[in-house]
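Worksheet for the structure shown next.
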Amino acid sequence: MTDSARWTRVDDGRFQVDLLTADYRRHAFTRHSHSTFAIGVVVCGAEQFHYRGALHRAGVGSLAILEPGEPHDGQAADPSGWAYRVFYPPADLLFEGFAGPSHFAEAVVHDPHTVHLIRSAHEALTSGTDTFAAHSKLTWALAAVVDRHGSRAPSGTSALSVRDAAAVQKVTEIRDRLLADLRCAPNLRELADGVELSPFHMLRVFRAATGFPPHAWLVLERVCRARHLLAAGLTPAEVAGAVGFADQAHLTRWFKRVTGVTPAAFRNSVQDPVRTVA
C-alpha cells in the first residue's frame, strides 16, 4: 500500500484549524516545528519521533501533544507504517475559556477517553456532515486535552547561560530580518553584524532560542508561508518564487518533508474548507 495523506481546513469565521488524515508506510518527516499545537492519535501501526531530547513512540490509542515551536521529526516505528489523525489548533483556540497559560509536560499519553473524543471530532469534521455536532465535538475534545493533560507553564528557563540573556533578545531582530524578504535572505555575516554579535555567537544564540540554525528556520518559514499562499489559491509554481525557493521542485521537496504531502495535493485539499457553525 502506498502512502496517502489529506489536509482539511476548518473555518467557522472566528478561527481556522487544519487537520491531517494520513497513512504512511515509507514517509519520514524532516526535523521541523509548528506555529500551532499538534494533537494527534495513532489509529494503526506506530510512529516514533524525536522531541525535547528524547525518542518517543506512539502506538494505537496513544495521544501525542506537541507544543508550538518545538522541533521534532516523525517516522514509522512499525514495519507496517502508521496511520494517524492530527489537529493543529492555535493556542487561542485550544485555551479558549481557560485561565492562564498551560503546558504539556508529556509528549505521549495513554488516555482512552480523550483519544476517543479527538478521533470522533476529527472524523466528524473531515466528513463534512452535521457541522453543528462536529463543532461541538471539537470543543469537547480540545477541552479534554487541556483539562486532563495541561498544567501551569513552568517558569521560563533558557538553554543559554544567564550572561547570554541579553543576546537572546536579539533573536527577534534576526527573525524580523529573515522575514523581511523571504526571497532574498542576508548571509550569516550580515545577520551577525546587524545584531553586533560574531557569526559563531549569533548561530549559538539563535539555535538555543529556536531549535534551528537560521538557514533551516528560514526554510521552515518559507514552507509555512507557502501553505497560506496555496490555501489562498496560488499555484505551486507561483508560490515557489514568492517565498524564495529556487523553483517548484525545490518547494515540493521541502514541502513534502514538512507536511507529508505535495504542494498541489495540499492546495487541492484546502481550497474548499469545511465551514462549521458555532
Which pair of non-hydrogen atoms, one from [X] and one from [Y], has the smallest distance, and what is that distance?
X      : Y      : result
Thr262 : Lys256 : CG2-CD, 4.4 Å
Leu234 : Glu238 : CA-OE1, 3.4 Å
Ala22  : Arg85  : O-NH1, 3.5 Å
Ala58  : Phe49  : CB-CE2, 4.5 Å
Leu251 : Pro236 : CD2-O, 3.4 Å
Gly211 : Pro71  : CA-CG, 3.8 Å

How about [X] and [Y]: do any of their side-chain heavy atoms sit closer than 4.5 Å?
X      : Y      : value
Leu220 : Phe212 : yes
Pro214 : Leu178 : yes
Glu70  : Ser33  : no
Glu96  : Leu93  : yes
Ile39  : Leu94  : yes
His50  : Arg31  : no
Val195 : Ile174 : yes
Glu196 : Lys170 : yes

Arg119: which of His116, Glu123, His122 passes side chain to side chain donor-acceptor pair (under 3.5 Å):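 Considering His116, Glu123, His122, a side chain to side chain donor-acceptor pair (under 3.5 Å) with Arg119 is found only for Glu123.
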CA sep, side-chain torsions, deciding dist, call: Thr259, Phe266, side-chain contact (heavy atoms from CB on, under 4.5 Å): CA-CA 9 Å; Thr259 69; Phe266 178 83; 5.5 Å; no
Are [Y] and [X] linked, directly or through intermediate hydrophobic residues, by side-chain heavy-atom contacts shorter than 4.5 Å (ILVMFWY only)?
X      : Y      : value
Leu20  : Val108 : no
Leu66  : Leu63  : no
Leu117 : Val109 : no
Phe255 : Val270 : yes

Is the His34 ring parallel, tilted or perpendicular to the His32 ring (thresholds 30°, 60°)?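 His34 vs His32 ring planes: perpendicular.
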What class does the angle between the rings of Trp217 and Phe206 fall in, given that below 30° is parallel, 30 to 60° is tilted and above 60° is perpendicular? perpendicular
Atom pair [atom1] ([X]) and [atom2] ([Y]), whose distance is rounded to the nearest 0.5 Å:
X      : Y      : atom1 : atom2 : answer
Leu179 : Leu218 : CG    : CG    : 7.5 Å
Arg57  : Asp78  : CZ    : CG    : 6.5 Å
Thr30  : Gln75  : OG1   : CD    : 10.0 Å
Trp254 : Phe245 : CH2   : CZ    : 8.0 Å
Phe87  : Thr8   : CZ    : OG1   : 10.0 Å
Arg26  : Thr2   : CZ    : OG1   : 8.0 Å

More than 12 heavy atoms of other residues, nucleotides or ligands under 6.0 Å from [atom1] of [X]: is that the case?
X      : atom1 : result
Arg189 : CZ    : no
Glu190 : CD    : yes
Arg175 : CZ    : yes

Are Phe37 and Phe104, when compared by the centres of their aromatic rings, separated by less than 6.0 Å?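 Between Phe104 and Phe37, which both carry aromatic rings, the centre distance is below 6.0 Å.
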Given side-chain contact (heavy atoms from CB on, under 4.5 Å), test His56 with His72 step by step and report yes or no. CA-CA 10 Å; His56 301 271; His72 60 281; over 6 Å; no
Going through the distances and angles, do Arg207 and Leu203 end up as a side-chain contact (heavy atoms from CB on, under 4.5 Å)? CA-CA 6 Å; Arg207 182 160 189 162; Leu203 283 169; over 6 Å; no
Tell me which donor-acceptor pairs under 3.5 Å the side chains of residues 140-150 have, and how far apart each pair is, sequence neighbours excluded?
{"residue": "Arg148", "atom": "NE", "partner": "Asp111", "partner atom": "OD2", "Å": "2.8"}
{"residue": "Arg148", "atom": "NE", "partner": "Thr114", "partner atom": "OG1", "Å": "3.2"}
{"residue": "Arg148", "atom": "NH2", "partner": "Asp111", "partner atom": "OD1", "Å": "3.1"}
{"residue": "His149", "atom": "NE2", "partner": "Asp111", "partner atom": "OD2", "Å": "2.7"}

[X] (side chain) donor-acceptor with [Y] (main chain) under 3.5 angstrom:
X      : Y      : answer
Arg222 : Val243 : yes
Asp3   : Arg25  : yes
Ser62  : Gly59  : yes
Tyr51  : Glu67  : yes

